[in-house]
Amino acid sequence: MALEEIKARIAKAEAESGRKQGAAHVVAVSKLQPLDRIEAVLKGGHRLFGENRVQEAAGKWPKFKERYPDAELHLVGPLQTNKARQAMELFQAVHSVDRIKIARRLAGLAQERGDCPEIFVQVNTGEEPQKSGVAPLEADRFIAEVRSLDLPLAGLMCIPPQDEEPALHFGLLASIAKRNGIGNLSMGMSGDFESAIRLGATHVRIGTAIFGSRGT
Ligand SMILES: *Cc1c(COP(=O)(O)O)cnc(C)c1O
């Protein structure tokens, strides 16, 4: 599916739910995609991309950024403390902050560098043991801790369980954001982005629907 078609569907979902046109940004998730497909999307004028591994992003994005200096890159996958420094050099936002250890590490590096990517706290809305993210009941406390570290907290992120109605999870994430006064919601992927937009998504993370199926 072409990005143009996805953007048209996004505009329709925004209009139907009474949201402003352009309220939802497309993070084109380019993990494991051939370079020529990424290049084609860059050539088409899109500038916001997502990767889920620091190492993989470090391998391909510095070259793209030389040619497309206004490209913006968001980390949507887990971050380990030993990759935090590298992540800060590559990414303009981190969607997956979910442990105080990594929050402290990012805060320390932010002090040192004088700037910091935008921070999204990942919430494990389905409370799945194998999934990253803070538990919904821990979210308020964790958000307060992140704020106390002076990190630029921009939003919340979730990845709903495979076999459940995603709207329930989008709604839960939106309610946690609302009661904490948080403006951005990173939710919705290739299969469910319209539902996410109706529930307030500001960042939809779309991979396969833009680029086609991933190599492994
Ligand atoms: C891969 C990935 C996506 C994109 O998934 P698609 O189903 O290909 O749209 C979104 N979010 C995260 C965290 C991912 O790892």
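Whatever order the structure lists ligands and atoms in, that order sets their numbers, starting from 1.
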Yes or no: does H95 have any heavy atom under 4.0 Å from an atom of ligand 1?
no
Decide, yes or no, whether a salt bridge links R67 with E39 under the criterion of side-chain N to carboxylate O below 4.0 Å.
yes
For T208, atoms of ligand 1 separated by under 4.0 Å from a heavy atom:
6 (P), 7 (O), 8 (O), 9 (O)
Of all the heavy-atom pairs spanning S213 and T208, show the shortest one and how long it is.
CA-CG2, 4.1 Å
I159 heavy atoms within 4.0 Å reach ligand 1 at atoms 13 (C)
Are more than 12 heavy atoms from other residues, nucleotides or ligands located less than 6.0 Å from atom NZ of K65?
yes
Option with minimal heavy-atom separation from atom 14 (C) of ligand 1, where the choices are K31, H203, R205
K31
Does the plane of the ring in F120 sit parallel, tilted or perpendicular to the ring in H74? Use 30° and 60° as the thresholds.
tilted
Considering heavy atoms of the protein only, find what lies nearest to atom 5 (O) of ligand 1 and give residue, atom and distance to 0.1 Å.
M189 CE, 4.0 Å
Check each atom of ligand 1 against the heavy atoms of I206 and keep those under 4.0 Å away; list them by number with element.
9 (O)
Closest contact, heavy atoms only, F91 versus A57:
CZ-CB, 3.6 Å
Just need the protein heavy atom nearest to atom 9 (O) of ligand 1, so name the residue and atom and give the distance.
S190 OG, 2.5 Å
Find out whether Q55 and Q86 are in side-chain contact, i.e. whether some heavy atom of one side chain is under 4.5 Å from a heavy atom of the other.
yes
May I ask you to list the atoms of ligand 1 that are less than 4.0 angstrom from any heavy atom of V76?
12 (C), 13 (C)
